[in-house]
Amino acid sequence: MKLAARVNQVSTSITLAISAKAKAMKAEGIDVCSFSAGEPDFPTPKHICEAAKTALDQGKTRYGAAVGELKLREAIAKKLQKDNHLNYQAENIIVTNGGKFSLFNLMQTLIEPGDEVIIPAPYWLSYPEMVKLAGGTEVIVNTTAENDYKITPEQLEQAITPQTKLFIFNSPSNPTGIVYTPDEVRALAKVIVEQDILVVSDEIYEKILYDDAEHLSIGSINPEIFARTIVSSGFAKSHSMTGWRVGYAAAPIEIIQAMGKIQSHSTSNVCTFAQYGAIAALESSQECVQEMLTAFAQRRSFMYQAVNAIPQLSCPKPDGAFYLFVDISQTGQKSLEFCQELLATKQVAAIPGIAFGMNDCIRFSYATDLDTIKEGIKRLSEFVAS
Ligand code: GLU
């Protein structure tokens with residue numbers, strides 16, 4: 001069978017593959033400690049489920065507008081105004097099949113052959129693949145642990161060419177958990193405006209912040225950067241709604257209308273009653289978000305200390321999200337073999353850094369319970385010592 005050439009340009013999502021493998025091993029009765037996908041282990045808060053059930057009972061089971069339910073788009077616009085100081089209206093919002101499809105759709109909308117997209121490494125593994133699938137060229141800018149895996153304004157400026165269309169910015173970051181300070185965000189915004197490129201700000205982890213970390217939405221800095229910004233986000237991480245597939249993008253109307261066109265020929269609307277769950281997530285108390293954050297903070301403290309106590313392993317302290325990006329170079333192994341052997345011999349699942357553009361590191365998601373974390377760390381230290 002001859003498949004389309006574009007399929008051979010990309011690889012399967014390793015995060016999804018390893019987490020599916022860990023789940024299958026568990027189903028077989030194998031005692032796996034999974035630190036694979038970034039998927040909160042909490043059930044979706046009850047009031048959100050109830051709202052979706054009510055929507056089902058009310059017959060919200062039909063096609064809706066491809067860009068999303070107006071009520072949800074209004075609620076998202078209100079949230080972005082209130083929390084992020086971004087002056088969007090409902091017409092600036094598109095509801096998408098998870099945050100992931102907002103990014104995929106955006107690439108289809110903006111990128112064509114010849115366009116370059118700047119992506120700092122380590123990066124979330126789907127960014128370069130989405131660029132390639134749109135026919136664009138990914139320009140990877142390597143960052144270092146010494147600089148907390150942050151791209152500097154100088155690095156960004158140097159990477160820009162006349163072909164540069166878009167910069168992908170993600171803070172708090174997957175896979176490192178680092179958060180850019182407001183001053184660092186302002187410095188990057190200055191380059192974006194001066195060089196007149198676009199930025200997509202992936203803010204899916206904005207609610208998961210520790211200690212004094214602060215999230216500044218890049219588009220809120222001034223009207224010039226606002227006009228060049230597309231925000232991508234969703235409910236999966238903040239409200240533990242990974243399987244619901246409700247995300248969104250916010251952008252100038254022209255971009256949203258174009259994304260709506262693509263959506264009308266691809267996914268159509270996101271599951272209608274799921275959108276009513278998302279409305280409840282935004283319009284009800286945010287206490288559930290805080291409760292999950294308290295648990296993540298406890299796990300982060302434990303896991304950060306425990307990993308750094310293992311000789312040969314080290315990682316920077318994350319300020320956000322729920323990942324540790326651990327340097328394994330002292331072990332003499334590369335990330336793929338390290339993760340394969342760790343899973344085979346100790347039944348501990350982690351994601352090889354090669355998937356994120358750094359082969360000397362591996363990623364642990366600590367969106368899992370403390371007992372699993374303690375047991376996983378014990379096995380990890382035995383593995384490294386062996
Ligand atoms: N974004 C999450 C992760 O990086 C979920 C899996 C995926 O979509 O890649 O683990």
Side-chain angles (χ1 to χ4, degrees), residues 10-24 26 32-42 44 96-107 119-133 138 149 168-179 200-208 231-249 267 270 292 296 299-300 303 315 318 320-326 335-336 339 342-343 348-358 361-368 372-373 376:
V10 297
S11 40
T12 302
S13 166
I14 299 186
T15 44
L16 295 186
I18 295 185
S19 97
K21 180 158 187 195
K23 281 180 185 167
K26 268 189 198 169
V32 181
C33 296
S34 181
F35 300 101
S36 52
E39 174 164 42
D41 56 319
F42 304 102
T44 302
T96 57
N97 194 60
K100 192 180 262 183
F101 197 75
S102 73
L103 292 162
F104 185 88
N105 186 338
L106 181 72
M107 297 308 159
I119 307 174
Y123 45 74
W124 178 47
L125 74 183
S126 292
Y127 296 150
E129 310 306 76
M130 290 173 180
V131 171
K132 284 187 237 167
L133 287 170
E138 75 280 20
Y149 297 117
I168 303 184
F169 183 55
N170 173 222
S171 174
S173 147
N174 177 5
T176 64
I178 61 99
V179 178
V200 55
S201 182
D202 180 352
E203 305 190 0
I204 190 92
Y205 297 99
E206 66 161 323
K207 296 292 177 198
I208 305 170
V231 179
S232 161
S233 196
F235 299 84
K237 317 292 182 181
S238 54
H239 293 79
S240 201
M241 292 171 68
T242 48
W244 291 62
R245 311 315 297 145
V246 191
Y248 56 88
T267 62
V270 168
M292 289 189 253
F296 290 141
R299 298 163 182 188
R300 162 205 180 236
M303 194 148 175
C315 66
F322 32 61
Y323 304 111
L324 286 187
F325 202 56
V326 179
S335 66
L336 200 54
C339 288
L342 183 62
L343 186 58
V348 172
I351 308 288
I354 194 164
F356 309 106
M358 282 207 178
C361 296
I362 59 171
R363 189 194 78 175
F364 289 98
S365 158
Y366 52 87
T368 190
T372 303
I373 293 176

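For ligands, and for the atoms within them, numbers begin at 1 and follow the listed sequence. Position 1 is the first residue of the sequence; numbering continues from there.
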Report task. Distance to 0.1 Å, residue and atom name: give those for the protein heavy atom nearest to atom 8 (O) of ligand 1. Result -> K100 NZ, 3.0 Å
Query raised in the report: Could you state the interatomic distance from OG (S233) to OH (Y248), rounded to the nearest 0.5 Å?
Result: 4.0 Å
Query raised in the report: Looking only at N/O atoms, are G38 and ligand 1 under 3.5 Å apart anywhere?
Result: yes
**Report entry** Non-hydrogen atom of A37 closer than 4.0 Å to ligand 1
**Finding:** yes
Query raised in the report: What atoms of ligand 1 come within less than 4.0 Å of a heavy atom belonging to R363?
Result: 3 (C), 4 (O), 10 (O)
Query raised in the report: What's the shortest distance from atom 1 (N) of ligand 1 to any protein heavy atom, and which residue and atom give it?
Result: K237 NZ, 3.3 Å
Query raised in the report: In terms of side-chain heavy atoms, does S11 have a donor or acceptor partner in E129 at a distance below 3.5 Å?
Result: yes
Query raised in the report: Can you tell me how far OG1 of T15 sits from CG of L125, rounded to the nearest 0.5 angstrom?
Result: 4.5 Å
Report task. Measure from the ring center of Y205 to the ring center of Y323 and say whether it is less than 6.0 Å. Result -> yes
Query raised in the report: Considering only the protein, which heavy-atom contact is closest to atom 7 (C) of ligand 1, and what is its distance?
Result: T15 OG1, 3.4 Å
**Report entry** Subset of ligand 1 atoms that lie under 4.0 Å from at least one heavy atom of Y323
**Finding:** 2 (C), 3 (C), 4 (O), 10 (O)
Report summary line: One should read off an interatomic distance between F356 CZ and I362 CD1, to the nearest 0.5 angstrom, of 10.5 Å
Requested in this report: Before signing off on this row, confirm whether S36 and ligand 1 have an N or O atom pair separated by under 3.5 Å.
Outcome: no
Report task. Please state whether the rings of F322 and F296 are parallel, tilted or perpendicular, taking 30° and 60° as the class boundaries. Result -> tilted
Report task. Name the orientation class of the two ring planes belonging to W124 and Y127 (parallel below 30°, tilted from 30 to 60°, perpendicular beyond 60°). Result -> perpendicular
Query raised in the report: Hey, is ligand 1 close enough to N174 that some N/O pair sits below 3.5 Å?
Result: yes
